[in-house]
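Below: the structure, in C-alpha cells.
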Amino acid sequence: MTKAYSAFSLLCEGLNQQQGWEPAWRDAAPKRAYDAVIIGGGGHGLATAYYLAKNHKLTDVAVIERGWIGGGNTGRNTTVIRSNYFYPESAAFYDFALSLYEGLSKDLNYNIMFSQRGMWTLAHDRHGMDTLRRSANAMLLNGIDAELYDEAGVRARIPGLNARPRFPIVGGLVQQRGGTARHDAVAWGYARAASALGVDIIQDCEVLGFQIEGGRMRGVETSRGTIRTDRVGMAVAGHSSVVAQKAGVRLPVSSYALQAFVSEPVKPCLDTVVLSPAIGTYVSQSDKGELVMGAGLDLYLSYAQRGSLPWMERAAAGLIDLFPQFSRLRFLRQWAGIVDVVHDSTPIIDATPVPGLWINCGWGTGGFKAIPAGGWCLAHLVATGESHPLARAFGLNRFRTGALIDEAAASGIAH
Amino acid sequence: MSGWRLKSGGTIDRDRRVRFQWDGRSYEGFAGDTLASALLANGISLVGRSFKYHRPRGLFAAGLEEPNGIVQLEADEATIPNLKATQIELYDGLIATPVNVKPSLEFDLMAANSLVKRFIPAAFYYKTFMWPGWHWFEPSIRRAAGLGTAPAEPDPDAYEHRFAHTDILVVGAGAAGIAAALAAAESGTSVMLVEVEPELGGGLRDEKQPVEGQSATAWLKKATKALASKSNVTILRRTMAFGFYDHGLIGLHERIADHLPPDQRHGPRQRLWKVRCGQVILATGAFERPFPFARNDLPGVMLASSALSYLSRYAVAPGRNIVIATNNDSAYTVGLALHDAGIQISAIIDSRTTVGACARDAEEKAIRLILGAAPVRAKGRLRIESVSFAPVSSTTETGSVGCDTLLVSGGWNPTVHLHSQSGACAASAQRPSRPDASVYGRPSGCRRSLGRFAE
Amino acid sequence: MLLILCPYCGPRAEIEFRCGGESHIERPGPYSEVDDGAWADYLFTRKNPKGEHRERWLHAAGCRQWFNVARDTVSHTILAVYPMGKTRPPTEAGT
C-alpha cells in the first residue's frame, strides 16, 4: 500500500524534506498476459480497474492508455456532476454515480474536491418552465432532490443575474446535490487507488489490433507488444468506433467535438453551476477562480480536439446575457473533446458480439458525472459476464428492440 | 533604489507628462510609456505577489510574456482584472492596483504561506482536506485563489464584430513580418499585417544592428511608410491573433480605445475580427528564456531583451548596478547598449567557456566576464542585492556579485502558439503545418530573419 | 470554422450549413424481408471513421440545396464536393 494521504502525512513529510512520498501510481511496463485488460486510461477505464480490484478481487489487471491518463475527455470536460435525468433507468444510474462521488475522496484517499454547490437549469419562457416542472416531478418521483423556483427565488439564490436580460428569466430548477469536482483528481485518484491494489497502469500504449481466436477475445496487440488476455473492457469515449472496428465491431456511435473554455482566474464571483439550455451556455467557477464554460457540439463528425470559434462566440454571448458584468473578463484557454454520441443520449455498457470484449461508451457530453457508476458497472460486466442491474437497460440490443431511453428529448440534453 | 529614467533617448514624448495612480499613490510618466515602463522609471520594483506563497515579484519582461506585473485597471463597472502592466499604454488619470494582496503589496499577510511551505508542497490539496469534508475548507481556498476581481456591474462599453477576407495575413510585424508583408504587397494581393503592440517593428524597435545596409530605425521607418502607402495592405496595431481555426480562419482581437483616457473614448472599446485568409504567415518572433536558479523570481531579475526594450523605447534603466547571466550572444548586445547609456554593468556571467567577438567587445569596455559559470542563488529581501554563481558542472558557489538588477538570457524560444494550435507540431516549426500556413522569422529557427524570407 | 464550397453559391462559412450525416446509406428492402438487426443497422450504425468521411450537407441559410462532401475528420480538410445522387468520386487524397 502506498503511503496514506492525510494532514498528518503532510506534516511528517514536511519534517522529512518530502523524501518519503512514493509515486502516486506505478507507471508499469506491460506483462505478457493479464486476467483482464482495460483499454482507455480515462476516468471510466481507471474506475473500472479500481472496482475490478476492489469489488471483484480481480487484481491481475492492466489499464492501457494511448497517451497519458486523464488526457482525453476526463481532462477536457467542464467538471459538472448531477443526476437530474428524466427516465427511471438514467436517474437510478446517474444518482448512483453521484452517491459514489459523495464518498469518493475518502474511498480513494485522494481529495477530488467534489463541491456540491448546486446545479441550476434556467427557464426563459412559460414552456421552458413547463419543462422544468416536468423534470422536477420526474426527479422527485425517482427519489432525486429537486427544487423549483420562480424568478424571485432564482434571483435570491444566484446573485448577479442580469436584471434585464434579452431572454427573461422566468424560473429555475436546482439540484442542490449537484456540483463540480476536480476532474484531473478523479483520474489520478482512481489511478493511485487501483495501482495500490495491484493494477498495472500502462501509458503510451496504443491498441493496434486484437487477437480473436475461435471467435473470442484472446489478446490485445499494442504498440508495446502483444498482451494475452481473455477479458477486455473498453472505455475510450470518442474513439469507441475506431477501437471497436479493430475487433470487427460496429457501433451506433458518432464522434463530435464538444467545445469548452475557461476565463482567466478571478476572485469568487459565482457560487453555483448555471445552465441555460435555451441560450446554449453553462458556467461555473473553478476553485482556482476561472469561469469554466461549456457550449455545444460542432455538429459534424470530428476527431480533432481543437477549439473552434462559432460556439465560443455563442457561449460568450449567452454568458454575457446572463451575467453582463463578466463581459470585461478574458478567455484564457479553449479546447475540444471528442465525445461519443448515441441517438438516444444514453450510454452503452454491454457485451459486444465478440465474447470477451465488453464496452462502456456512448456518454456523449456527460461522461464525467457518470465515471464512478460507469466503472462500477463495466467492472461488474468484465468480472461476471453479466450486466449490473443498474446498467441492464443500457444494452446494445435496445437499438434492435426499440427500447431506447430517449434522454435527448426527455432531459433536453444538448446533443 | 532601482529603475530610473535616463535624461535622453527613447521614443516617449517628453513634452507630454501623464499622471497616473498605482496602489493608491500618484506618479508621473510620459506619453508613450506603458504602465510598466512608468513604474520602472519611478523606481518601483515590487509590482505583484506570486499565486501561492505570495513571494514578492517585480517586472520580468516588457511585452505580452510578462508573468508578474498583473494588475487591476480602473475601478467599479469599468474595472478590468489581470491586465499585464507591460501591455497597458499610459493615459492621463489611469488608476491601477495590485491584485491578490492583503492588506498591501509591501506587507502581504498571505506571504505567511511561505513560512509553512514545507508542509504544503505541490499538490498538497489532493492529499488533505478530506476530513471532515472538502466543503469545510473550500470557501477559504477559493477566497485565496483567483487574481483580480471581476466587475460587479454591467459593462458600460460597446464592442464590435467584423468579418474580413484577405489573400495573405501576416501575424507579427517584426522584421520578418514586415518583409513578408512588403513582398506580398508587391504582387498586388490583399495583405493584412497584424501587430499586438501599438508600434510596428518588434525586435527592430530595440535593434542597433543595421538592416539591409541601413540603421534598423531608418529601415523600419521606410518599410512602414511603404506599407502604409499601399492600398492593398491593411495594418492592424494593438491587435492580437488569438486563434488559428479551420480553413484559414484567424480570430483577431483589436483594442481600439483602451489606450485613450476615458473621456476621449468614442465608439467601440474593442473589436473581434474573423478573417478568412488564403495564406497565413506566422512571423510571431521568439520569447527569451529565463534561467533556472534559486530565487530567480526576486524583483530586479529581468529578461535581458526586456531591459533593452525599456532602454530603447522608454529610456528607462532597470537599475544602476547590473549583472547579466547568459548562455548566448544576444545578452551581450543588451549589456553593451546599457553600458553605452552610462549604466554600470558589473559582470557578465556566461555559462560558455569560450565566447566569440562579443566577449572582446565587452572586455574592451572593461566589463568583467565570468565564463563557464551560471547563477546559483539570488539574494535580497524585496529586491535582489547580489547573485552567487558556480561552475556549470557544480552547485558549489565559487563567488558572488553585488547588484540591484540581474538580467537573464537562457536563449530563445520560438513563439509557436498559433502554429501548434493550428494542429501542427512545434518540433516541425520549419515545415508549414497546413497548406494555408507558413512560418517565417524566429519561429522557423532563424535568428536573423530577413534573409530567410528572401529565400 | 469550416469554409464549405456550396456547389450553387460558392464558398461559405460553416454557420450557414447543417451537416446531414453519413452519405450513401442504402435503405434495406424489400420491407418484408428486413429483419430487426438490419433495420437497426440502417437507422443507427454509422461508419464514424477517423479519416475520410462522405457526408451530406445542407446550405440551410443559403440556397437550401443538399450536396455531398468528402472531408477528413481529423484535419477537417474538404477533399471533394459532389452533387446528391452521384456516387463517390475518387478524391485527391483518397487516390
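Here is the naming used below: chain letters follow the sequence lines, and residue numbers restart at 1 for every chain. Just the heavy atoms: all of them, side chains too, but no hydrogens, waters or symmetry mates, feed the values below.
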Open item on the list: Below 4.5 Å, heavy-atom pairs only: which of B/Gly133, B/Gly251, B/Ala78 has the largest tally toward chain A?
Closed with: B/Ala78

- [ ] Please round to the nearest 0.5 Å and tell me the distance separating atom CG of A/Leu258 and atom OG of A/Ser302.
- [x] 11.0 Å

TODO: Before accepting this row, confirm whether a basic side-chain N of the pair A/Arg182/A/Asp184 lies closer than 4.0 Å to the acidic partner's carboxylate O.
DONE: yes

Task: Contacting moiety of B/His253, where chain A heavy atoms sit under 4.5 Å - done: neither

Task: Residue A/Leu10 versus chain B: region with a heavy atom under 4.5 Å - done: both

Task: Under 4.5 Å from any heavy atom of chain A - which part of B/Leu83 - done: both

Open item on the list: Quick check on A/Glu313 against chain B: is it the side chain, the backbone, both or neither that has a heavy atom closer than 4.5 Å?
Closed with: side chain

- [ ] Please check if atom NZ in A/Lys106 has more than 12 non-hydrogen atoms from other residues, nucleotides or ligands closer than 6.0 Å.
- [x] yes

TODO: Using the side chain to side chain contact (heavy atoms under 4.5 Å, CB included) rule, pick out the option among B/Leu236, B/Thr239, B/Val171 that qualifies with B/Met192.
DONE: B/Leu236

- [ ] Go through the atoms of A/Trp188 and report whether side chain, backbone, both or neither lie under 4.5 Å from a heavy atom of chain B.
- [x] side chain

Task: Part of A/Leu15 lying under 4.5 Å from any heavy atom of chain B - done: both

TODO: Report the option among B/Lys117, B/His135, B/His161 that has the most heavy-atom pairs separated by less than 4.5 Å from atoms of chain A.
DONE: B/His161

Task: Separation between CD1 of B/Ile256 and CZ of B/Arg237, rounded to the nearest 0.5 Å - done: 14.5 Å

Task: Max heavy-atom pair count under 4.5 Å with chain B, selected residue of A/Glu264, A/Met113, A/Gln18 - done: A/Met113

Task: Stepwise side-chain contact (heavy atoms from CB on, under 4.5 Å) test for B/Leu64 and B/Val196 - done: CA-CA 9 Å; B/Leu64 57 72; B/Val196 69; 3.8 Å; yes

Task: Region of A/Tyr110 that comes under 4.5 Å of a non-hydrogen atom in chain B - done: both

TODO: Rounded to the nearest 0.5 Å, what's the gap from CZ on B/Arg49 to CG on B/Asp108? Could you check?
DONE: 5.0 Å

TODO: Sort A/Glu290 into side chain, backbone, both or neither according to what part of it lies under 4.5 angstrom from a heavy atom of chain B.
DONE: neither

Task: Aromatic ring pairing B/Phe287/B/His417, orientation class (parallel under 30°, perpendicular over 60°, tilted between) - done: perpendicular

TODO: Look at A/Arg328, A/Arg117, A/Gln325, A/Lys267 and state which one has the largest set of heavy-atom pairs under 4.5 Å with chain B.
DONE: A/Arg328

Task: Ion pair check, A/Arg177 and A/Asp145, cut-off under 4.0 Å - done: yes

TODO: Heavy-atom distances under 4.5 Å only: say whether A/Gln334 touches chain B with side chain, backbone, both or neither.
DONE: side chain

Open item on the list: Report which part of A/Leu332 has an atom under 4.5 Å of a heavy atom belonging to chain B: side chain, backbone, both, or neither.
Closed with: neither

TODO: Salt-bridge test for B/Arg265 and B/Asp157: reply yes if a basic N is under 4.0 Å from a carboxylate O, no otherwise.
DONE: no

Task: Residues, nucleotides or ligands: over 12 heavy atoms within 6.0 Å of A/Lys288 NZ - done: no

TODO: Report the distance from atom CD1 of A/Ile81 to atom CD of A/Gln116, rounding to the nearest 0.5 Å.
DONE: 8.5 Å

Task: Region of B/Leu272 that comes under 4.5 Å of a non-hydrogen atom in chain A - done: side chain

- [ ] Pick one of side chain, backbone, both or neither for A/Ser263, based on which atoms fall under 4.5 Å of a heavy atom in chain B.
- [x] neither

Open item on the list: What part of B/Glu77 gets within 4.5 angstrom of chain A, counting heavy atoms only: side chain, backbone, both, or neither?
Closed with: backbone

- [ ] Decide if atom CZ of A/Arg330 counts as having more than 12 heavy atoms of other residues, nucleotides or ligands within a radius under 6.0 Å.
- [x] yes

TODO: Flag the pair A/Lys3 and A/Glu13 as a salt bridge only when some basic side-chain nitrogen lies within less than 4.0 angstrom of an acidic carboxylate oxygen.
DONE: yes

- [ ] Sort B/Tyr159 into side chain, backbone, both or neither according to what part of it lies under 4.5 angstrom from a heavy atom of chain A.
- [x] side chain

Open item on the list: Against B/Arg238, only a single residue in B/Gln87, B/Glu89, B/Gln270 fulfils side chain to side chain donor-acceptor pair (under 3.5 Å); can you say which?
Closed with: B/Glu89

- [ ] Let me know if A/Phe114 has heavy atoms under 4.5 Å from chain B in its side chain, its backbone, both or neither.
- [x] backbone

Task: Max heavy-atom pair count under 4.5 Å with chain A, selected residue of B/Ala123, B/Pro154, B/Gly243, B/Pro139 - done: B/Pro154

Task: Proximity of residues 144-153 of chain B to chain A, residues having a non-hydrogen atom under 4.5 angstrom - done: B/Ala144, B/Ala145, B/Gly146, B/Leu147, B/Gly148, B/Thr149, B/Ala150, B/Pro151, B/Ala152, B/Glu153

- [ ] Under 4.5 Å, counting heavy-atom pairs only, tell me which of B/Tyr125, B/Phe137, B/Phe124 racks up the most with chain A.
- [x] B/Tyr125

Open item on the list: Let's go through B/Lys102 and B/Leu109 carefully: what are the C-alpha distance in whole Å and the side-chain angles of both, what is the deciding distance for side-chain contact (heavy atoms from CB on, under 4.5 Å) to 0.1 Å, and is it a yes or a no?
Closed with: CA-CA 6 Å; B/Lys102 219 182 237 177; B/Leu109 284 173; 5.5 Å; no

